[in-house]
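Below, chains carry the letters A, B, ... as their sequence lines are ordered, and counting in each starts from 1. Side-chain atoms are counted along with the backbone in the values below, which use heavy atoms only and exclude waters and symmetry mates.
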Amino acid sequence: MSRGPELIITEKDNAARRIADILSGETASAERMNGVNVYKWGGKRCIGLSGHVVGVDFPPEYNDWRDVEPVELIGAPVEKHPTQENIVAALRRLARRAGTVTIATDYDREGELIGKEAYELVRDVNEDVPVDRVRFSSITKREVTEAFENPDDLDFNLAAAGEARQIIDLVWGAALTRFLSLSARQLGNDFISVGRVQGPTLKLIVDREREIEAFDPEDYWELFSKLTKDANGDAESFEAQYFYLDDDGTEAERVWNEADAEEAYQTLLGVEAAEVASVNRRTRTDTPPAPFNTTQFIRAAGSIGYSAQRAMSIAEDLYTAGYITYPRTDNTVYPDDLDPRELLGAFEGDRRFKEDAESLLEQEEIEPTEGDNETTDHPPIHPTGELPSASDLTEDEWDVYELVVRRFFATVAEDAVWEHLRVVAEVEGLSLKANGKRLLEAGYHDVYPYFNSSESFVPDVEEGESLVLSDTHLDAKQTQPPRRYGQSRLIETMEQMGIGTKATRHDVIQKLYDRGYIESDPPRPTRLARAVVEASEDFAKLIVSEEMTSQLESDMLAIARGEATLEDVTEESKEMLQDVFEGLMESREELGKQLQDSLKADKTVGTCPECGGDLVVRKSRRGSYFIGCDSYPDCTYTLPLPSTGKPLIMEDSCEDHDLHHIKMLAGRKTFVHGCPLCKAEEADEEDDLVIGTCPECGEEHDGELAIKRLRSGSRLVGCTRYPDCDYSLPLPRRGDIEVTDESCEEHDLPELRITYEGDREPWELGCPICNYREYQAQQNGEGGSDLESISGIGAKTAEKLKDAGIEDVKTLKASEPDDIAAKVEGVGADTVRKWQTAAD
DNA sequence: GCAAGGTC
């Protein structure tokens, strides 16, 4: 009997392709099966999954939220079903005729579970085929070859640990989410969610907000003087700060008592010189940073202005294009077979990195830095050595790519060395100190400019030397509340707390935005978020506590070790949830009311000037936002809002009308609208300024074009016969509009100039018709494809789609998913369907 | 339609 082909299953297409290349000596060819790549060479086939291709859920009879009491979900069965039909079908087809199967999913717990899911799909169609498992932590020739020479077995206990997590997350998450949503009567798109990871993350944000609110600022004073060394006519000055030793004998700069501060201030004002009491010099070694894992990468990208979500999406594109390694990793230690010299060598041929690469290669010894996390999942994020040419990347992609390259450079660069100089001067029993620092050896800072390496100057002085004292000033200050978490700080804290994973932490933050729990950046919790956290603290403490995860982790460890079973762990967890529900059911109504009140508070802008009710942000039937009275239909008072963006109610209010200011969130086009009533009044007070004849109805009806200000705050050039004629041309939101003496011959309209406050140069907008035409041409010309407006389509994918003749969203929507999948590498029909839905 | 975890 002849054996069928060997089937290799990986976690993702990219890994399948690279492993096929390595094992085949680059002779593997790719073919498409159900829109999925299958790599083929000799008697072997290799297919990449897309992470989990099956998911857990309750049976369909539990689908209706209203029909099923949330508490019933605790006892409900949990089923597995395919979520990526095309991949599952392809896998089954291949498995049916396979002679052996090798599971080569990622080397971590979730990878073991994904491997077991693949194993079960294989077993469904082929009872006898031998299945083994290979493990490697980076896809290099050496590791992969070695792993395939020494195959192992699947670790079913480890996979069961992952399954226990799936079940517990589903049951707790779904039961509590439904309970909160039902009790507040929030069904449909605006349901109220909680979960093991989003819960504690939200509590972190809410707790910080509570600290900020409870903060009681304290007054203190700080004193500074200028000290000048005046030797041989060369005056060198520096600022020194007053300090004293507090009761514990520790050095303090803040003076907590105004009288003491004033006394010291007067003393310093009365003197003209101070004597140097001590000079301390020391050198400090500043070691280069460790290689990037996901969290540290997000943090660094954050410091150059990229949100966590955006940084990961760009990294994903760079990875798919082959320029950087896999961006989701916990590892901060390079694998043994990364040869830094070889990788540096790849940058010698590139104009932009040549100089730095060469100087690094001149080092006699190259020993990369190591971080604290050494894991088996993937190598730290580093450039692959395949370089993009300038036109391959957008500006943002280049920024992020350069960051990854330079981080790699830094990890193989030399230490930096600083010299710290501390000078203490004394006068009349008062002490002043200054700390200078100088970069003696720039080391890694030369190749990694993202850290602050600025120096502060303090001249060489000697003990006993007299310095001129001048410019003494006393600064009154106040202690500040703790700062809100920024996105990267939040992700770092989640990592420390052990919640979420490298691949999900940034998504969790996005989810909190989507659910209406946080707004703005740095994120600020809404009233709803507080109510959800409070309700959870009162009745389901575990769901907002990091302990739920640490408990789960130790349970999973026990399962993996064979010391506990999946059933033991899930049953115990369900019993705890059952107890939680006893408390919840009793307080159902009260809880629902609190959630509803908070939801309303989140929408409230202020008090209605006509009836004293609440003014709230509403959405019209056409989908646009406006402000209306909560007492509608008894009160019909409304205020318009700008048509672009989603309104955010800001914290500050208008002094005249006591209405909260509004910000319109629209990505890069975000702007502050301000007080909606002020905007409306400004428009009412401003007369339309006629500048010419309406090109559409001028001849027939004597329509005229005028510069108008709308109550929504927008400005435009529009026909005076509106609404009978709706001809209009856009005008910028900001700046003063000046009508110049010049006029456009073609359209017989005056040219406009926009002027700004401050130093900003005026903008010669010109004829409004010409200007609008140029704008439209620009929109349709370069970057005319709007494919990238769909979430999930990056620059690279858009490029690939265009190569396949799919130029824009319209074509994408009109095409058959399977056709696109067949034409475009790495794109499945399911993905296309998702894009098509996203485009609607 | 719920979670969290993969991946796109």
### Task
Give a yes/no answer on whether the side chain of A/Y62 brings an N or O atom under 4.0 Å of OP1 or OP2 in B/dC2.
no
### Query
Which whole-number value in Å describes the distance from A/I87 CD1 to B/dT7 P?
12 Å
### Message
Could you tell me how far apart A/M556 (CE) and B/dA4 (C1') are, to the nearest whole angstrom?
### Response
11 Å
### Task
Report the distance from atom CG of A/L73 to atom P of B/dG1, rounded to the nearest whole Å.
15 Å
### Task
Could you walk me through whether A/F539 and A/F581 pass ring pair (Phe, Tyr, Trp, His ring centres under 6.0 Å), step by step?
CA-CA 8 Å; A/F539 301 103; A/F581 262 85; over 10 Å; no
### Query
Of A/F58 and A/G51, whose closest DNA chain B nucleotide lies nearer the 5' terminus?
A/F58
### Task
Report yes if at least one side-chain N or O of A/R66 is closer than 4.0 Å to OP1 or OP2 of B/dC2; otherwise report no.
no
### Query
Hey, does the side chain of A/Q198 come within less than 4.0 Å of B/dA4's phosphate (OP1/OP2), counting only N and O?
yes
### Query
Under 3.5 Å, is there an N or O donor on one side and an acceptor on the other linking the side chain of A/D57 and the base of B/dC2?
yes
### Query
Counting any heavy atom closer than 4.0 Å, what does A/I168 reach on the DNA or RNA strands: base, sugar-phosphate only, or nothing?
nothing
### Query
Under the criteria of a ring-centre distance below 5.5 Å and an interplanar angle below 30°, is A/W172 stacked with the base of B/dA3?
no
### Message
With a cut-off of less than 4.0 Å, is there a side-chain N or O of A/S193 near OP1 or OP2 of B/dA3?
### Response
yes
### Task
Fit a plane to each ring of A/Y326 and A/H378, take the angle between them on a 0 to 90° scale, and name the class: parallel (under 30°), tilted (30 to 60°) or perpendicular (over 60°).
tilted
### Query
Under 4.0 Å between a Lys/Arg side-chain N and an Asp/Glu carboxylate O for A/D555 and A/R165?
no
### Task
Please state how far atom CG in A/L113 lies from atom P in B/dG6, giving the value in whole angstrom units.
10 Å
### Message
Starting the side chain at C-beta, find the nucleotide from B/dC2, B/dT7, B/dA4 nearest to A/E11.
### Response
B/dT7
#### Entry: A/I167 CD1 to B/dG5 P, straight-line distance once rounded to whole Å
15 Å
### Query
Between A/T501 and B/dG6, is there a side-chain N or O to OP1/OP2 distance below 4.0 Å?
yes
### Task
Select one nucleotide: of B/dG5, B/dT7, B/dA3, the one nearest the side-chain heavy atoms of A/R165.
B/dG5
### Query
Can you tell which of B/dA4, B/dC2, B/dT7 lies closest to the side chain of A/K12?
B/dT7
### Task
Go through B/dG6, B/dT7, B/dA4 for me and flag the one nearest to the A/K511 side chain.
B/dA4
### Sidechain-backbone polar pair: A/T105 side chain, A/G111 backbone, donor-acceptor under 3.5 Å
yes
### Task
Using whole Å, report how far CD1 of A/I543 lies from C1' of B/dA4.
11 Å
### Task
Using atom CD1 of A/I114 as one end and atom C1' of B/dG5 as the other, report the distance to the nearest whole Å.
8 Å
### Query
A/D330 and A/T375: side chain to side chain donor-acceptor pair (under 3.5 Å), yes or no, with the steps?
CA-CA 7 Å; A/D330 284 324; A/T375 59; 5.5 Å; no
### Query
Could you state the CG-C1' distance from A/D169 to B/dA3, rounded to the nearest angstrom?
6 Å
### Message
Taking 4.0 Å as the cut-off, does a side-chain nitrogen or oxygen of A/R196 come that near to OP1 or OP2 on B/dG5?
### Response
yes
#### Entry: Residue A/R515, side-chain heavy atoms: nucleotide from B/dG5, B/dC8, B/dC2 that is nearest
B/dC2
